[in-house]
Amino acid sequence: MSLRFNVINEAIKRKAVVVNVPAGRPADYFGEKVFNNEKMLKYLPKKYYDALRDTMQHGTALDLETADGVAAGMKKWAMEMGVTHYSHWFQPLTGGTAEKHDSFIEPDNIGNVIEEFTGKLLIQQEPDASSFPSGGIRNTFEARGYSAWDPTSPAFIVDDTLCIPTIFISYTGEMLDYKAPLLKAISAVNKAATQVCQYFDPKVTKVFSYLGWEQEYFLVDEALWATRPDLMLSGRTLMGHESAKNQQLEDHYFGSIPTRVAAFMKDLEYEALKLGIPVKTRHNEVAPNQFELAPVYEEVNLANDHNVLLMSVMKKVARRHYFRVLLHEKPFKGINGSGKHNNWSLGTDTGANLLSPGKTPEDKLRFITFLANVMKAVWKHNGLLKASISSATNAHRLGANEAPPAIISIFLGSQITKVLEDIEKGGTIKMDNKQSFKFDIAHIPELLIDNTDRNRTSPFAFTGNRFEFRAVGSSANCAGAMITLNTAVAEQLIDFKKQVDTKIAAGSSKEEAIMAVIKQIVTEAKAICFEGNGYSDEWKAEAVKRGLDCETSVPLIFDRLLSKDAIAMYSSTGVMTETELHARAEVELETYIKKIQIEARILGDMALNHIIPVASRYQELLLDKIDKVTRLYHASKVDKLAASDLNTVEEIAERVNTIRELIEQLVQERKIANKIDDVRQKAIAYHDKIAVLFDEIRYEIDKLELSIDNEMWPLPKYRELLFIR
Ligand code: ADP
Ligand code: MG
């Protein structure tokens with residue numbers, strides 16, 4: 001029996017793994033492994049507690065004495081929790097997270113060890129950074145990089161290690177991670193939005209950016225996974241004929257959760273809650289073996305740390321249940337891919353959601369102000385936003401029939417659309433008296449009923465009190481999208497304020513000035529709004545006419561990172577320098593090349609070592625039969641008895657020849673591409689000459705899967721990967 005049948009047997013016999021989640025309320029263990037406010041109060045002397053809170057809230061610099069005090073408190077708590085090591089935890093541009101574990105133990109020079117963790121070790125470390133991508137910023141001879149504590153995100157415990165969230169920068173100060181620019185973008189949008197908020201409410205002193213992510217993923221049985229080199233090494237299937245049944249009956253979405261999966265989810269949620277990740281909803285997704293997990297939204301820096309952390313926790317927990325988590329955006333051809341909707345909003349320290357319509361005319365004017373400014377920011381930087389979510393892996397999902405197209409547009413819903421039309425036509429404000437005013441626009445209800453989730457085809461949808469950036473990929477670090485969005489909105493709000501102030505200085509009332517600028521914005525940026533079917537071909541044609549970015553080649557999309565507008569946006573807001581942008585673009589291109597290169601190698605290996613040998617064996621079997629038929633039967637009967645087998649033998653031979661030729665071409669093209677020095681040109685070659693061959697090769701292999709004896713086929717088939725659970 002083939003390995004495939006062995007692993008199928010193993011997989012189907014598995015029972016749900018019992019998980020020990022303590023009885024009682026989640027509140028009893030929520031944040032158990034986090035150095036949160038409660039533990040800060042308990043383990044820090046008051047003066048250090050106050051100083052740390054001040055740093056967390058206002059960004060004031062922390063002196064070394066306080067850092068020492070905080071480190072001592074953290075260490076005491078961590079050691080009581082059985083922790084022996086600490087680690088600066090950061091998010092390099094490779095994706096994922098990096099940790100370097102150090103023991104608390106230090107020699108005391110008289111033959112013993114003491115447990116030590118000082119403020120200096122808490123604040124800064126010098127991990128050997130030479131193996132992290134820097135996009136050419138860091139010279140090879142200067143391998144040093146610094147990780148520096150981010151006190152706004154609490155330390156947490158994983159296994160026996162105290163993890164300290166940090167930023168990661170080069171020796172010369174350039175940012176080499178996702179967190180550092182995210183913190184700068186948060187600060188930029190806070191500053192710009194607070195100033196605009198003060199038109200409406202002088203009490204506002206801070207604006208928060210919020211993120212609620214929805215993580216989609218697939219689960220595959222570990223035994224099946226281990227016999228698929230493509231899944232194992234690239235996270236997606238590079239071959240596999242469609243299953244006769246997949247998602248067409250739509251019986252998986254919101255269906256009852258399979259018991260093994262339910263046990264996994266329960267375990268995962270328990271781990272997540274202990275880490276302070278406020279997970280809330282879980283359900284099946286559209287595709288078989290596809291699921292989703294979403295927490296309650298949080299401040300974007302914390303939310304993002306939580307997402308990155310959750311992705312690694314998921315992988316660990318899955319193994320306890322003999323599953324593997326697939327975070328790839330498109331693990332299976334022909335069925336839905338996985339995204340990570342980023343629900344985003346801005347809110348004030350006075351408790352207002354700036355994307356919620358509100359009750360009073362002032363509230364509504366503020367709402368339209370922020371809505372219009374977001375619209376303009378997304379319109380102006382639609383290409384850059386697309387670049388922020390683009391990758392070799394997400395490219396398979398975008399533009400495929402169930403996912404947002406590779407064009408960024410905004411869905412607003414009929415009520416808001418009507419309001420914007422009225423603004424464009426009229427857009428005046430009538431002052432009733434000094435205190436109160438009226439718009440000549442459609443009524444804006446407090447709750448926008450048609451905005452819940454009506455247009456699933458939109459990559460950037462307004463959903464009543466937030467925008468939902470749906471083009472983000474399931475494996476991505478959300479910071480990529482969140483840095484871009486927050487910075488674009490910050491830049492736009494600064495410009496908005498300048499224009500309004502100019503009008504006020506020229507004698508307009510505040511409300512008139514605001515309305516006049518909004519009217520300009522709406523007229524200028526309405527091309528970004530699209531309410532129709534984003535999957536349709538008509539929209540692609542229309543989007544070109546509207547001047548939206550319709551590029552689909554990932555390496556070319558990355559050009560947007562270095563456009564004049566992008567450089568101006570990042571430098572004027574202080575979020576990123578041109579050098580840092582160049583470095584990021586280079587890392588993106590290098591990552592793209594590597595991913596395609598790895599897939600090309602896997603495909604070559606699987607075709608030559610897994611598929612072709614099996615095809616030959618099956619041919620041999622058929623030829624044996626044909627041979628016997630020819631020997632035993634009269635020539636007049638042979639044709640009838642052997643013709644179809646002969647056809648199959650020939651068909652297989654043709655396909656095998658084609659596969660060999662294409663694999664040879666793949667190798668040659670790689671040789672040519674690898675000689676290209678310029679990273680952009682090289683990425684373009686990988687896109688245009690190499691990645692394009694994958695589907696052609698796959699086509700032949702998938703056809704062979706249909707011709708060759710099921711018992712001989714070595715790789716778990718789609719139906720097995722998708723329906724065994
Ligand atoms: P759906 O699946 O219909 O989009 P969910 O209930 O799964 O909705 O919620 C999506 C996410 O949006 C959750 O993380 C939720 O906390 C988050 N969310 C809700 N309101 C806001 C908001 N004002 N800002 C940011 N995120 C929000
Ligand atoms: Mg959603």
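For ligands, and for the atoms within them, numbers begin at 1 and follow the listed sequence. What you see below is based on every heavy atom in this structure, not just the backbone, and it leaves out hydrogens, waters and symmetry mates.
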Below 4.0 angstrom from a heavy atom of G212, which ligand 1 atoms are there? Numbered from 1 as shown, please.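 Those of ligand 1 that fall under 4.0 Å from G212 are 14 (O), 26 (N).
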Run the numbers for me: atoms of ligand 1, each under 4.0 Å from some heavy atom of N465, listed by number.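 Contacts of ligand 1 toward N465, numbered from 1: 23 (N).
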Just jot down the side chain to side chain contact (heavy atoms under 4.5 Å, CB included) partners of K274, sequence neighbours excluded, or say none.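 Side chain to side chain contact (heavy atoms under 4.5 Å, CB included) list for K274, sorted by chain: Y29, E32, K33, Y270, E271.
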Is there a polar contact between ligand 1 and [X], counting only N or O atoms under 3.5 Å apart?
X	value
E214	yes
S345	yes
Y297	yes
P295	yes

Calculate, to the nearest 0.5 Å, the distance between atoms CD1 and CD1 belonging to I368 and I514 respectively.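 Between I368 CD1 and I514 CD1, I get 10.5 Å after rounding to 0.5 Å.
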Shortest reach to atom 8 (O) of ligand 1 by a heavy atom, considering only R470, R466, K280: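 Nearest heavy atom to atom 8 (O) of ligand 1 lies in R466.
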Any idea which of N343, L354, V296, V300 brings a heavy atom closest to atom 17 (C) of ligand 1?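 Selected option, by shortest heavy-atom distance: N343.
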Have a look at ligand 1 and work out which part of N353, if any, has a heavy atom under 4.0 Å from it: side chain, backbone, both or neither.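 For N353, the contact with ligand 1 is made by the side chain alone.
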Of the backbone atoms (N, CA, C, O) and the side-chain heavy atoms from C-beta on, which set of H341 has a member under 4.0 Å from an atom of ligand 1: side chain, backbone, both, or neither?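 It is neither; nothing of H341 touches ligand 1.
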Restricting to pairs with a member in residues 341-361, which pass salt bridge (charged side-chain N to carboxylate O under 4.0 Å, His left out), not counting sequence neighbours?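 As it turns out, there is no salt bridge (charged side-chain N to carboxylate O under 4.0 Å, His left out) pair with a partner in residues 341-361 once direct neighbours are skipped.
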I need the single residue from W89, F90, W149 that forms a ring-ring contact (aromatic ring centres under 6.0 Å, His included) with F168. Which is it?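 Answer after filtering W89, F90, W149: F90.
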After noting the C-alpha distance and the side-chain angles of F332 and F218, does the key distance pass the ring-ring contact (aromatic ring centres under 6.0 Å, His included) rule? CA-CA 10 Å; F332 303 101; F218 280 86; 5.3 Å; yes
For the residue pair W539 and F530, categorise the inter-ring angle as parallel (less than 30°), tilted (30 to 60°) or perpendicular (more than 60°).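 Parallel, since the angle between the ring planes stays under 30°.
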List the steps, then state whether side-chain contact (heavy atoms from CB on, under 4.5 Å) holds for H381 with Q492. CA-CA 10 Å; H381 294 292; Q492 172 53 32; over 6 Å; no
